[in-house]
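Structure, as structure tokens:
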Amino acid sequence: VQLQASGGGLVQAGGSLRLSCAASGGRFSLYTAAWFRQAPGKEREFVVVTSWGGGITSFADSVKGRFTIHRDNAKNAVDLQMNNLKPEDTAVYYCAATRSRFSTGLFPNGNRFDYWGQGTQVTVSS
């Protein structure tokens with residue numbers, strides 16, 4: 001499956017952005033999907049993971065209550081709605097997918113995700 005992330009941009013602190021991840025070349029409903037991010041000089045960080053049908057999700061503590069995930073398998077897409085953004089949310093955001101069933105072993109390091117999008121830059125100004 002190929003993943004294409006979009007929707008990044010520059011926003012002021014407290015603002016919102018919605019990232020989109022479009023999947024092609026596979027039956028997306030068979031993939032566990034996730035978003036990760038990487039800030040300059042830092043390691044990749046887990047953001048959220050969602051199960052095949054979207055019924056199970058897990059968020060990083062740093063984004064709980066501010067980010068939500070919306071999965072639409074009919075459209076082969078998984079979106080990340082980011083509200084109340086903070087400067088520390090500044091990073092390149094990547095969507096990822098794996099054929100593995102949802103489990104806590106899939107995060108936080110993401111090494112079991114086989115498919116990655118190209119990343120989209122999110123910059124939050126203070």
Side-chain angles (χ1 to χ4, degrees):
V1 69
Q2 293 81 45
L3 304 174
Q4 179 79 27
S6 62
L10 174 64
V11 63
Q12 289 188 331
S16 299
L17 279 175
R18 187 177 181 100
L19 305 184
S20 295
C21 179
S24 61
R27 188 175 171 184
F28 192 51
S29 61
L30 297 180
Y31 293 80
T32 300
W35 286 90
F36 291 80
R37 65 187 183 186
Q38 188 164 20
K42 295 187 177 181
E43 293 187 351
R44 184 177 63 200
E45 179 187 17
F46 162 75
V47 177
V48 61
V49 60
T50 181
S51 61
W52 296 340
I56 305 172
T57 59
S58 183
F59 288 88
D61 289 342
S62 59
V63 306
K64 278 181 182 176
R66 300 188 297 122
F67 291 12
T68 56
I69 190 166
H70 304 272
R71 180 166 190 156
D72 189 340
N73 286 333
K75 296 182 179 180
N76 288 336
V78 57
D79 292 354
L80 181 65
Q81 176 66 42
M82 306 185 295
N83 299 326
N84 190 22
L85 283 161
K86 303 176 180 180
E88 51 264 43
D89 294 318
T90 295
V92 177
Y93 283 71
Y94 299 91
C95 58
T98 176
R99 287 293 301 272
S100 298
R101 185 183 295 271
F102 178 97
S103 74
T104 56
L106 291 176
F107 55 97
N109 65 27
N111 290 342
R112 290 176 59 186
F113 284 85
D114 305 306
Y115 306 95
W116 293 82
Q118 84 289 2
T120 184
Q121 176 70 47
V122 172
T123 303
V124 184
S125 62
S126 57

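Small disclaimer: the values here were computed from a predicted structure and weren't measured. Counting from 1, the numbers follow the sequence of the chain as shown.
A heavy-atom distance below 4.5 Å is not found between the side chains of E45 and V63. Looking only at side-chain heavy atoms (C-beta outward), L106 and S100 come within less than 4.5 Å of each other. At a threshold of 4.5 Å between non-hydrogen side-chain atoms, the residues F46 and N109 do not count as touching. Counting only heavy atoms from C-beta outward, the side chains of V122 and M82 approach each other to under 4.5 Å. Side-chain contact between T90 and Q121: present, with at least one pair of heavy atoms (C-beta onward) separated by less than 4.5 Å. Side chains of Q4 and C21 form no contact here, defined as non-hydrogen atoms less than 4.5 Å apart. Considering only heavy atoms from C-beta on, R37 comes within 4.5 Å of S62 through its side chain.
Here the straight-line distance linking atom NZ of K42 with atom CD of E88 works out to 8.5 Å at 0.5 Å rounding. To the nearest 0.5 Å, the span separating CG on D114 from CZ on R99 amounts to 10.0 Å.
Taking each heavy atom of S126 and A13 in turn, the nearest pair found is CA-CB, 4.3 Å. Between S16 and N84, the shortest heavy-atom distance links the atoms OG-N, 4.3 Å. The shortest heavy-atom contact between V1 and A97 is CG1-CB, 4.5 Å.
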* Asked: Would I56 and T50 count as a side chain to side chain contact (heavy atoms under 4.5 Å, CB included) if you check the C-alpha gap in whole Å, the side-chain angles of each, and the deciding distance to 0.1 Å?
  -> CA-CA 6 Å; I56 305 172; T50 181; over 6 Å; no
* To do: Would you sort out whether V78 and D72 count as a side chain to side chain contact (heavy atoms under 4.5 Å, CB included), showing the intermediate values?
  => CA-CA 6 Å; V78 57; D72 189 340; over 6 Å; no
* Asked: Could you walk me through whether D79 and L19 pass the side chain to side chain contact (heavy atoms under 4.5 Å, CB included) check?
  -> CA-CA 5 Å; D79 292 354; L19 305 184; over 6 Å; no
* To do: Apply side chain to side chain contact (heavy atoms under 4.5 Å, CB included) to the pair F59 and V47, showing each step before the final yes or no.
  => CA-CA 6 Å; F59 288 88; V47 177; 5.6 Å; no
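With F67 as reference, L85 is the one residue of N83, V48, L85 to meet the side chain to side chain contact (heavy atoms under 4.5 Å, CB included) rule. Put simply, the residue from F113, Y115, W52 that forms a ring pair (Phe, Tyr, Trp, His ring centres under 6.0 Å) with Y31 is Y115.
Using a cutoff of 4.0 Å between basic side-chain nitrogens and carboxylate oxygens, D89 and K86 are not scored as salt-bridged.
The cluster map of Ile, Leu, Val, Met, Phe, Trp and Tyr, joined by side-chain heavy atoms under 4.5 Å apart, puts L80 and L17 in the same cluster. Both V49 and W116 are part of a single hydrophobic cluster, where members link through side-chain heavy atoms under 4.5 Å apart. The cluster map of Ile, Leu, Val, Met, Phe, Trp and Tyr, joined by side-chain heavy atoms under 4.5 Å apart, puts L3 and W35 in the same cluster.
In this structure a side-chain-to-backbone donor-acceptor pair under 3.5 Å is present from T98 to R112.
Pairs passing the ring-ring contact (aromatic ring centres under 6.0 Å, His included) check and including a residue from residues 81-103, sequence neighbours excluded, do not occur.
Of the N and O atoms on the side chains of Q81 and R18, at least one donor lies less than 3.5 Å from an acceptor on the other residue.
R71 forms a cation-pi arrangement with F28, by the criterion of a distance under 6.0 Å to the ring centre and an angle within 45° of the ring axis.
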